[in-house]
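Letters A, B, ... are given to chains in the order of the sequence lines, protein chains preceding strands, and every chain is numbered from 1. Computed from a predicted model, the values in this text were never measured in an experiment. Computed from heavy atoms alone, side chains included, the values below leave out hydrogens, waters and symmetry copies.
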2 protein chains.
Amino acid sequence: MEDGSERLRWGVRRRLEFIDFRLFWDGRFNRSDLATTFGISAQQASADIGHYEKIAAANLRYDRAEKAYIRTDDFAPAFIGETIERYLLQLVAIENRWMRPGDTWFDAIPPIEVLTLGRRPTDPAVLLRVLDAIRKHQEIDIDYASLTGSVQPSRTIAPHALAHSAGRWYVRSWSRDHNDFRDYNLNRIAKVIDHRPASVDVSLDYEWAQKINLVIRPNPGLPPERQAAVASEHAMTDGKLIRPCRLSLSFYLMSEYNLDVEPGVLKPEKQQIVLHNRDEVTQARASSRQMSIEALARASTGGE
Amino acid sequence: MEDGSERLRWGVRRRLEFIDFRLFWDGRFNRSDLATTFGISAQQASADIGHYEKIAAANLRYDRAEKAYIRTDDFAPAFIGETIERYLLQLVAIENRWMRPGDTWFDAIPPIEVLTLGRRPTDPAVLLRVLDAIRKHQEIDIDYASLTGSVQPSRTIAPHALAHSAGRWYVRSWSRDHNDFRDYNLNRIAKVIDHRPASVDVSLDYEWAQKINLVIRPNPGLPPERQAAVASEHAMTDGKLIRPCRLSLSFYLMSEYNLDVEPGVLKPEKQQIVLHNRDEVTQARASSRQMSIEALARASTGGE
DNA sequence: TTATCGCGTCCAGTTACTTGACGCGATCAG
DNA sequence: CTGATCGCGTCAAGTAACTGGACGCGATAA
């Protein structure tokens, strides 16, 4: 099957992709679908359909009774290729109200249910300032929603990276108040007040820079056939999964999968995978954190 | 600030959105950025920039030294609006290799780290057949990767919905072998072999159709200020969160947040929220499941 | 039957976009 | 300082995309 590699103008290509998309997800589409979603005339839509037929004639046929173009059995995507995950993500985003259906190409949203506890949306203004600070190596003064909920004096941080885990966004930053590196929850930053050039050397954040291999295995407490299934699901080789991971982030992954719980506390079904080198990880993390703090202390006494 | 509500052709509008996007995320863009991502000439790109300036002149200025258009301090998005979550999702998707950077408008990917254990990608052919079966009320014969990994005879299911939780996709289906409704892991369906009209009445899936309110509270074992923080993070009112949820899916949400663990087993930090009406939920789930099974049994003895 | 609707197509006119050419200001190597 | 380079802006002329209007065709519904 061709991949639609002809030289097409960007807009035309997108419309042919749309045809591909609708055939895949709905099995059908209309000329008017094409015309309304792109705001083009019916004539132009006809021309586009003709264009698509030239490229992938076997993919569709017009059904007069249905008044629609119908996907054939030998349909093979000519444009959208292997980008299925992308559209699945869009479905999740729609259900979570992160996206409006109109932002996507879905017509009938498939009957899906998305289950999360949700979280507060990200403030664009905050994200913009944080990204700027990362890019331009600035330190920023922020209003941070403290644990107690009480009003706190503003804090000064020098962010240098974003991290995402288990649905949360973290801002990896140097903290002026503590003179060490920490994670700040992006959604808890209420406001970015001011900014100035940062003085800290972010390469001293060893806990971020250094990686370690998490060695993950199926929980040996599970019946052997369940262990095999778990191994298969996580695409393990030789019954184990090696996952490289920044030291500072290892905590979140361990937390998400209950890897930080002592063996035997939870039923094996609640802890399908276990971390084989847990002690090594916690120890490496603690020591790199200590090294980082000492290096920062030396730098500040020496430099200022 | 205007929202770019002029009547613009679809392609032009997308390009102005692109300008908005790059200004937001990178703080800058080039004429050639515009020209190359959309495959248009430099002249046309100039025209588009002029067009954008007419709509949101205060958003950008040209810096001759930088050879780029730079975001001003009073920048306010004129096109991309509040669709920030969408682009954050794209960043996650890129890091997970679900999307290629070229599928997005990002130039320099911000320094982000995405932490998951990953999973096998979804097979487009399988998804397509499953969606068809849902839409057309068909039953399908599938090759299902069993827990033991051994080859199993094919199973016959009649799917009627998709569900997403904790990174997994489930296919809610009637099972011919068991004459009840179950969840099938989408990634475990290796192949869809055949299909025919389904005979089962999906409205008998009470465990799916019926919803219950999960009453979620901060773990009382946490210090009060931590409880307040948890309540705030989950946007609780009066210290509790009411989350309506299909009975069949309640299990996954409980599993994801360790709500299904007896109080006292885990440290409170590992179980920041607790389910106040756990007994009610498990009981409702069991009874609706039983009702469903009985209804199906009556239908099959009476009907066939 | 008649009315309606969606598709396909021929037509002429408009807009978007192209290639080609030239000038301007900033940066850089010699 | 000078000439080369690069990215931007613009004028001009031609092409491709797209629009409006009009007409016929087949299927469906009143």
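- Map Ala42(B) and Ala45(A) each onto its nearest nucleotide of DNA chain D; the residue landing nearer the 5' end is Ala42(B).
- Nearest approach of Phe106(A) to Ile94(A), heavy atoms of both residues: CD1-CD1, 4.3 Å.
- The phosphate of dC17(C) has OP1 or OP2 within less than 4.0 Å of a side-chain N or O from Arg15(B).
- The nearest heavy atom of DNA chain D to Ser32(B) and to Asp48(A) marks one nucleotide each, and the one closer to the 5' end goes with Ser32(B).
- Between Asp63(B) atom CG and dG25(C) atom P there is a gap of 16 Å when expressed in whole angstrom units.
- Of the N and O atoms on the side chains of Asp201(A) and Trp174(A), not one donor lies less than 3.5 Å from an acceptor on the other residue.
- Remark: Arg31(A) is not in phosphate contact with dG6(C), judged by side-chain N or O atoms under 4.0 Å from OP1 or OP2.
- For the pair Asn30(B) and dG7(D), the criterion of a side-chain N or O lying under 4.0 Å from OP1 or OP2 is not met.
- In this structure, a donor-acceptor pair under 3.5 Å is absent between the side chains of Ser154(A) and Asp143(A).
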Heavy-atom protein contacts under 4.0 Å, nucleotides 21-30 of chain D, coded B base, S sugar-phosphate only, - none: B----SSS--

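- Using modelled atom types and a 3.5 Å distance limit, the side chains of Arg155(A) and Ser175(A) yield no donor-acceptor pair.
- Between Phe38(A) atom CZ and dT19(D) atom C1' the separation is 18 Å, expressed in whole Å.
- The side chain of Arg9(B) sits closest to dT15(C) out of dT15(C), dC7(C), dG9(D).
- Classified by interplanar angle (parallel below 30°, tilted 30° to 60°, perpendicular above 60°), the ring pair His160(B)/Trp208(B) is perpendicular.
- The separation between Ile40(A) atom CD1 and dC7(C) atom P is 12 Å, rounded to whole Å.
- Atom NE2 of His51(B) and atom C1' of dT10(D) are 18 Å apart (whole Å).
- Comparing atom distances between the Tyr69(A) side chain and each of dT18(C), dC7(C), dC18(D) picks out dC7(C) as nearest.
- Of the residues listed (Phe18(B), Tyr52(B), Tyr62(B)), the one engaging Tyr69(B) in a ring pair (Phe, Tyr, Trp, His ring centres under 6.0 Å) is Tyr62(B), and it is the only one.
- The nearest whole Å value for the distance from the CD atom in Gln44(B) to the P atom in dA16(D) is 16 Å.
- Rounded to whole angstrom, the span from the CD1 atom of Ile49(B) across to the P atom of dA16(C) amounts to 17 Å.
- The nucleotide whose nearest atom lies closest to any side-chain atom of Tyr62(A) is, among dT18(C), dG9(D), dC7(C), dC7(C).
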Stepwise side chain to side chain contact (heavy atoms under 4.5 Å, CB included) check, His164(B) with Leu115(A): CA-CA 6 Å; His164(B) 173 87; Leu115(A) 203 65; over 6 Å; no

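- Counting to the nearest Å, the P atom of dT19(D) and the CG atom of Leu34(A) are 11 Å from each other.
- Distance Ile19(A) CD1 to dC7(C) P: 12 Å, rounded to the nearest Å.
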